[in-house]
2 protein chains.
Amino acid sequence: MVEFTTLRLEDGVPIYLQIIRHVKAGIAAGTVVDGEELPSRRALSALLGVNPNTIQKAFRLLEEEGWLQSHTGAKSLISATAEQVEALRKNLPDYQARAFVRSMKALGATCADTVALVETLWKEEEPE
Amino acid sequence: MVEFTTLRLEDGVPIYLQIIRHVKAGIAAGTVVDGEELPSRRALSALLGVNPNTIQKAFRLLEEEGWLQSHTGAKSLISATAEQVEALRKNLPDYQARAFVRSMKALGATCADTVALVETLWKEEEPE
DNA sequence: AAAAGTGTACTATGGATATAATACACTTAG
DNA sequence: CTAAGTGTATTATATCCATAGTACACTTTT
């Protein structure tokens, strides 16, 4: 069952996008695998305190992108081929890192300062 | 005059927020200083291809936060005390780095991998 | 003084996001 | 089989973002 208890919704970003990214991040990290079961729309709606239509929108878009399969009446399952996973694992971190580097350069930071900051925060942030 | 020619608008983030962040980043980087002149609402509207009301919203919020001063009929000027700048220079990079570290952890990346990726992209990205 | 430029305000419209409330067909568990 | 759970669809409402057009007072330039 795909976990959503670790998903903390932040405002400023559309909820349905945060749900989509959470699923993709799980697939890229390997904690979510092909064939795995997803919570129902209604259950996830209750868990996150979000309207069922918002969950449906996220799941519908994920299905259109080929990351899950749904059949009326049955539970939805993750769908991820090896090629899909590999592409995701390759592109997702790269994309995020590029945006980060760009923003840090805009702030006038140096490469060394940025790396030091990342290393410091990496250890500092919640040891799980 | 505060420069906006380097601002490349991306979609998915409200335009008025991108304008606000661009100004703040400039102040934090030291390329935008106290008393500096801003382009008029109409001029910046034409430059970015954005509605004047959107520019006005960004400038109004910046003024409410104390980053600029406007007087009807006259041009708007940057307002940034030493304390404001120092706080910005301290908090902005930290905030962005935290979000980055969190997202990279969600993708299952290691600290070493992340640092290596940042260093690689830092050199790669546009040498201006 | 006149004209141009600037800040500011207002109304109206359209699209995206999110909520609310139903409704129905299908699958699964009892 | 029956009931509960599930996916799916629909209509309506509210808010935010952005655009469009207009208007007016003030400042600066000419």
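Here is how names work: the chains are called A, B, and so on, in the same order as the sequence lines, proteins then strands, and each is numbered from 1.
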Assuming nearest nucleotide by heavy-atom distance, tell me which of A:Gly73 and A:Gly49 is located more 5' along DNA chain C. A:Gly49
Where each residue is assigned the nucleotide of DNA chain D containing its nearest heavy atom, which of B:Lys57 and B:Asn53 is assigned the position nearer the 5′ end? B:Lys57
How do B:Pro52 and B:Arg42 order along DNA chain D: which one's closest nucleotide is nearer the 5' end? B:Pro52
In this structure, how many angstroms lie between the [atom2] atom of [N] and the [atom1] atom of [X], rounded?
{"X": "A:Asn51", "N": "D:dA14", "atom1": "CG", "atom2": "C1'", "result": "13 Å"}
{"X": "A:Gln56", "N": "D:dA9", "atom1": "CD", "atom2": "P", "result": "7 Å"}
{"X": "A:Lys75", "N": "D:dG7", "atom1": "NZ", "atom2": "C1'", "result": "13 Å"}
{"X": "A:Ile15", "N": "D:dT15", "atom1": "CD1", "atom2": "P", "result": "16 Å"}

Does A:Arg60 pair with A:Glu64 as a salt bridge, N-O distance under 4.0 Å? yes
So, B:Arg98 and B:Asp94, do they make that salt bridge, N to O below 4.0 Å? yes
A:Gln18 side chain to A:Glu10 backbone, donor-acceptor under 3.5 Å: yes
Judged by atom type as modelled, is there a donor-acceptor pair below 3.5 Å linking the side chain of A:Ser45 to the main-chain atoms of A:Val50? yes
So A:Tyr16, base contact, sugar-phosphate only, or nothing? Heavy-atom distance under 4.0 Å. sugar-phosphate
Taking the side chain as every heavy atom from C-beta outward, state whether B:Pro39 and B:Met1 have any pair of such atoms under 4.5 Å apart. yes
Taking any atom under 4.0 angstrom from a heavy atom of chain A, which nucleotides of DNA chain C are the first and last to qualify, 5' to 3'? C:dT17 to C:dT27
Is A:Arg41 close enough to D:dT8 that one of its side-chain N or O atoms is under 4.0 Å from OP1 or OP2 there? yes
Return no unless some side-chain N or O of A:Ser70 is found under 4.0 Å from OP1 or OP2 of D:dT8. yes
Going by distance alone, is a donor N or O of one side chain under 3.5 Å from an acceptor N or O of the other, for B:Thr110 and B:Asp113? yes
